[in-house]
Protein chains: 2
Amino acid sequence: MGNPAVTMKTLAQQLGVSVTTVSNAYSKPDRLSEELREQVFATAKELGYCGPSAAGRALRSGKTGICGFLFGGPLSAAFSDPYSVLFLAGLSEAMESYESSVLLLRADAGDDDLLGRAPVDAVVSGSPTAAHPGLQRLAGRGVRVVGTMQSDDADWVAIDDREAGRLVGLHLARLGHRRVTLLVPGAESGPEPRETDLGPDGLLPPGFPGLGCGFAEARILGLRETMPDADVRVVSAGHNGKQSGRSAGAYVLDDQLRPSAIVALSDVLALGVWEAVQQRGLTPGRDVSIAGFDDLPDAGFVGLTSVHQPITEKGRIAGHLAMDPSYPKRQVLLPIELKVRASTGPAPLTTR
Amino acid sequence: MGNPAVTMKTLAQQLGVSVTTVSNAYSKPDRLSEELREQVFATAKELGYCGPSAAGRALRSGKTGICGFLFGGPLSAAFSDPYSVLFLAGLSEAMESYESSVLLLRADAGDDDLLGRAPVDAVVSGSPTAAHPGLQRLAGRGVRVVGTMQSDDADWVAIDDREAGRLVGLHLARLGHRRVTLLVPGAESGPEPRETDLGPDGLLPPGFPGLGCGFAEARILGLRETMPDADVRVVSAGHNGKQSGRSAGAYVLDDQLRPSAIVALSDVLALGVWEAVQQRGLTPGRDVSIAGFDDLPDAGFVGLTSVHQPITEKGRIAGHLAMDPSYPKRQVLLPIELKVRASTGPAPLTTR
DNA sequence: CCCGACAGGTTGATCGATAAAGTGAACGTT
DNA sequence: AACGTTCACTTTATCGATCAACCTGTCGGG
């Protein structure tokens, strides 16, 4: 039952010892006799004391045993995206070995607060929404920050997104594709797909939704690099979900100048496109090729060509980087691999 | 960059005002002039102060703005179980409306600590591992506890598991099934399926893994109630995953006395069974019927008969119960519905 | 016989912030 | 003119625990 007011002081008084001794019973067992320690615990149970309060301990010691997982956008979206779920699985697995827990944080502009006020020892930037403004300051406060995109200064675990783009580009180029549409997960703009051309530098035009994604730019660059003379269009697909993948797919497929290949910057989108293709009675890999990134389990299931990355392992390593300052490699580049499946095939002659 | 030692005191000194005023600037805007407030923020930015520290605030005010999500077993398992992922999606969605965040907690015996020391205002018991010993004491400390199983005293959001069992039982009985095997998610015992008969009371024998599940008992009771003269066997399927569903399914299917229907107490298990059935070249719903519970998205996808419950909504409501003491209904029973799909059909004549 | 090491405590300061009560000036009220 | 109010802050007292530093016997070695 435990009265709310039961604290170490209460215990100490009851036992006739100092508060420090009670504290030691919990956190420094070797500093008092085994016997007394037992007594402390016995009295604790009796009075309904349930261990040192998180707040007090955190304030004094400066540690919380909590690692934040930062997600850009509504947290509920994190759970509908298999990528983050897999990442979280790895992250929380790592946390268990540190007896720490994971705090889900939403990284929203303006919401400096929730982030700044989070009681965490470290933060892992889960979605590759690279640099949240508040992150910098957090780092100053002694919070370790771990990214999931390459950068010069910070700690990170990432893949070579440019290389990932190249893998797909090369593959499609060899299959003879010349007209390609890229689907980028956009901001939370409505379901309306929006279209653009790439700038002269091969990058997204400034202000185009999807820009913030971080990985988008690199993947596009890599792809362009290996398909220099292809006709590449870019369509923003609203939020990163199967649903918007489907509608963006529809938009692209119904266009009179249908591309021979559609590359989605994430598998969720690609899977949506896959459905749109099926709905139209077309066969992926024959009538139109589809490729994605991340190689989610479902990709293997339906036969979607995708660039594999070890997502759960990524989460695990991020966890170690976050909790263990002495972890040797502070910047980890994970291997990737193109999984060629049935969803990509030679470009149809009519559209070559 | 923000020196670690930048605190409200620093700000106050720099500005020549009291610490309280700085505090008010953040949490009680109407208690100081707009002008001064701006100044405070300006200086904060200048000195790299990133808002009130969570620890200090939590200690003094007794609130953390954090809701714990309690999972029985390794947290990483929570992410491989679509049920908990869907639940978490709802929970975190609700949290956003309270500007609170979710802390993932592992409810392990012996690990009283991690739970007791968690800086939370409330805890939602995510997996139906009903009553963690520490929960009681937490409640005493002023932490609101929300369950996902029916009980008399506490707040909860749940479904009528017994009724769920009845729905399945009735359905199977009408289809003429007389020999049924129940698959219960067991403890983390190895992959070895283990078998048992139901006790005379129609309950699991004491000590049988799966007992702790909470919902298992009720569902079994309901099922038995509607199939009084069926031959019901129970098999424990190791941990709650597709994998163990498959091996438990194999175990059951390869038995000489193969049942005409297999009921898994969770869809993940059922989906595993489904795969085992397919692997053997059998057709679910014709050669052997399969039914599950929870109606995960994949269930609809492959055509698995299952008892639907609004999982995400459950999480949402749990969140409201946790964060809003004035939420009207403190005990919420959600509707369920049997979704009949292709995986169940008339019992084959040979096995009737 | 003195010294140092060690086990097993104690004391007092402190972590960063908020709650509650107080202060003084300006203003309106009857 | 006396009095109640409001505004805009300040003062003081904690919240619960940990840390650094300091006692106090005891025991073995030189």
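Chain naming here is simple, since letters A, B, ... match the order of the sequence lines and numbering starts at 1 in each.
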Over all strands shown, is B:Ser53 touching base, sugar-phosphate only, or nothing at heavy-atom distances under 4.0 angstrom? sugar-phosphate
Is the number of heavy atoms from other residues, nucleotides or ligands under 6.0 Å of A:Arg31 CZ greater than 12? no
Just call it for B:Val17: base, sugar-phosphate, or nothing, with non-hydrogen atoms closer than 4.0 Å on any strand. sugar-phosphate
Counting heavy atoms from C-beta on, name the nucleotide in D:dG16, D:dT18, C:dA17 closest to the side chain of A:Ser23. D:dT18
Donor/acceptor link under 3.5 angstrom from B:Thr20 side chain onto base of C:dA19: yes
Record whether the side chain of A:Arg60 comes under 3.5 Å of the base of C:dT14 through a donor-acceptor pair of N or O atoms. yes
Ring-plane angle category for A:His320 and A:Tyr98, please: parallel below 30°, perpendicular beyond 60°, tilted otherwise. perpendicular
Nearest-neighbour nucleotide for the A:Leu59 side chain, C:dT18, D:dA17, C:dC15 considered: C:dC15
So, is A:Thr7 close to the D:dA17 phosphate, meaning a side-chain N or O under 4.0 Å from OP1 or OP2? yes
Check whether any side-chain nitrogen or oxygen of B:Ser33 sits under 4.0 Å from OP1 or OP2 of D:dC9, and answer yes or no. yes
Will you find, in the side chains of B:Thr21 and B:Ser18, an N or O donor that is under 3.5 Å from an N or O acceptor? yes
May I ask you to verify if any side-chain N or O of B:Lys28 is less than 4.0 angstrom from the OP1 or OP2 atom of C:dA19? yes
When you measure from the side-chain N and O atoms of B:Tyr49 to the phosphate of C:dA17, is any distance below 4.0 Å, counting only OP1 and OP2? yes
Measure centre to centre between the rings of A:Phe41 and A:Tyr26, then say whether the value is under 6.0 Å. yes
